[in-house]
Amino acid sequence: MHIGLIGLGKMGFNMRERLRKGGVEVTGYDRNPDVTDAGSIDELLAAVPAPRLIWVMVPAGDITDAVIKELGEKLSEGDLVIDGGNSRFTEDQKHGELLAAKGIHFADCGVSGGVWGLQNGYGLMAGGDAADIERALPVFDALRPEGDRADSFVHVGGIGAGHYAKMVHNGIEYGLMQAYAEGYQLLASKDIISDLPGTFRAWQKGTVVRSWLLDLLVKALDEDPGLQNIDDYVEDSGEGRWTVEEAIANAIPAPAITAALFARFESREDSSPAMKMVSALRHQFGGHATRPAK
């Protein structure tokens, strides 16, 4: 299989490498000349055999919208576009309709794994027509971790379903990180606790709160035991807000996720050890930028 990959940033660059290691030929395009394989989208499309499979891995919003529209003008009937970024599910439905009018297929895929995906593989949540998902299975299989497909890949439903699942995944992630971070602040504030990093390390095996996020928390404390080099300002990338909006729209109580989102807003006003830890965790798993301590 030979695919085109548009967007070779933190995620896309590593995905290209994992795909190639998995036996998928990839022609990548990025505006950064240091990483791109093709000089333009036109050059990329000429390199990929028809019917083409083009994976879009660019920032959600206007940039994704512009790329999808450009592909709609340049692709041929029967080609398939997969949006693997963090687009809102309602945008998927618009993009699907736009491309379908020209006979171009569309699917969406939520991708989780952050900067560790090259080494560990990515969790994948796909939305679209069953035939389109089946066509792209060699790509999904190369990206996901080894083992049973059902443990790391799901065809969630129709167009938009993959990004809806990823949105909820990220909302849950907000709540999990906030719980670990608040526990960190409680332990850090108590003078009877003499080994704070060791406490979290001891939770990594055998306890009911063990997880990859906990492993990354321990790693963050190994690198900066008192989190002295990081500010407590924490961004939110959109999915948390969309999850809360969906909870409100559907009258679904989501107090933990909502509180975690509001805590990020609060981090931009007050100093907080808990929010330093949330910032550190986001950097650990996703390579998200942190601010230096004031």
Side-chain angles (χ1 to χ4, degrees), residues 9-11 14 59-60 86 110-123 125 145 152 166-190 193 195-205 207-244 254-294:
K10 285 182 297 188
M11 289 282 283
N14 284 345
N86 278 330
V111 180
S112 182
V115 295
W116 295 86
L118 173 59
Q119 174 184 333
N120 298 336
Y122 301 89
M125 297 144 268
S152 56
K166 178 58 163 45
M167 176 194 72
V168 175
H169 165 283
N170 283 26
I172 293 169
E173 178 186 291
Y174 274 50
L176 290 172
M177 285 195 288
Q178 190 63 31
Y180 281 127
E182 291 173 8
Y184 165 79
Q185 182 167 352
L186 275 169
L187 289 166
S189 69
K190 199 66 174 176
I193 302 297
D195 187 354
L196 177 56
T199 301
F200 285 103
R201 186 179 301 279
W203 293 353
Q204 289 181 282
K205 295 181 180 179
T207 78
V208 296
V209 298
R210 63 190 185 273
S211 72
W212 185 48
L213 278 176
L214 178 62
D215 297 341
L216 293 176
L217 187 157
V218 171
K219 184 174 182 292
L221 290 176
D222 284 343
E223 294 173 358
D224 185 3
L227 301 182
Q228 299 299 316
N229 299 316
I230 192 170
D231 191 44
D232 61 351
Y233 185 104
V234 181
E235 287 285 3
D236 64 286
S237 55
E239 297 90 345
R241 295 190 188 208
W242 302 338
T243 304
V244 172
I257 295 171
T258 304
L261 175 64
F262 287 176
R264 295 195 182 191
F265 297 163
E266 187 177 14
S267 78
R268 300 162 200 177
E269 300 175 6
D270 301 311
S271 178
S272 165
M275 299 318 294
K276 282 181 179 247
M277 180 53 72
V278 172
S279 184
L281 282 169
R282 292 180 81 245
H283 178 69
Q284 286 290 332
F285 71 75
H288 299 289
T290 62
R291 294 192 177 196
K294 298 185 182 72

Give me the ring orientation class for F285 and W212: parallel if the planes are under 30° apart, tilted from 30 to 60°, perpendicular past 60°. tilted
How many angstroms lie between atom CG of L217 and atom OH of Y184, to the nearest 0.5 angstrom? 8.5 Å
Check R201 with D195, please: is the shortest side-chain N to carboxylate O separation under 4.0 Å? no
Taking every non-hydrogen atom, the tightest pair across G238 and Y174: N-OH, 4.2 Å
Hey, could you give me the CG/NZ distance between L186 and K190, rounded to the nearest 0.5 Å? 9.5 Å
Heavy-atom closest pair, residues A181 and A274: CB-O, 3.0 Å
Which heavy atom in S267 sits nearest to a heavy atom in D232, and how many Å separate them? CB-O, 3.1 Å
Which pair of non-hydrogen atoms, one from A188 and one from L196, has the smallest distance, and what is that distance? CB-CD2, 3.8 Å
Pairwise distance OG1(T290) to CZ(R282) - rounded to 0.5 angstrom: 10.0 Å
Kindly indicate, with the supporting measurements, whether the criterion side chain to side chain donor-acceptor pair (under 3.5 Å) is fulfilled by K10 and N14. CA-CA 7 Å; K10 285 182 297 188; N14 284 345; over 6 Å; no
Quick check: closest heavy atoms across N170 and E239, and the distance to 0.1 Å? ND2-CD, 3.4 Å
Is there side-chain contact between L261 and R241, with at least one heavy-atom pair below 4.5 Å? yes
Verdict with supporting geometry, V278 and Q178, side-chain contact (heavy atoms from CB on, under 4.5 Å): CA-CA 7 Å; V278 172; Q178 190 63 31; 3.7 Å; yes
Checking the side chain of H283 only, and the main-chain atoms of A289 only, is there a donor and an acceptor separated by less than 3.5 Å? no
Rounded distance [0.5 Å steps], CD in E223 versus CD in Q284: 4.5 Å
Side-chain donor/acceptor of S279 to backbone N/O of V234, under 3.5 Å: no
Quick one: do R264 and M177 satisfy side-chain contact (heavy atoms from CB on, under 4.5 Å)? Show the steps, please. CA-CA 11 Å; R264 295 195 182 191; M177 285 195 288; 2.9 Å; yes
Looking only at side chains, do S211 and Y180 share a donor and an acceptor under 3.5 Å apart? yes
Between CZ of F265 and CD of E235, what distance do you get to the nearest 0.5 Å? 10.5 Å
Donor-acceptor check, side chain of R210 to backbone of W203, threshold 3.5 angstrom: yes or no? no
When rounded to the nearest 0.5 angstrom, what distance separates CG in L213 from CG in L176? 6.0 Å
How close do A263 and M275 get, heavy atom to heavy atom, and via which atoms? O-CE, 3.6 Å
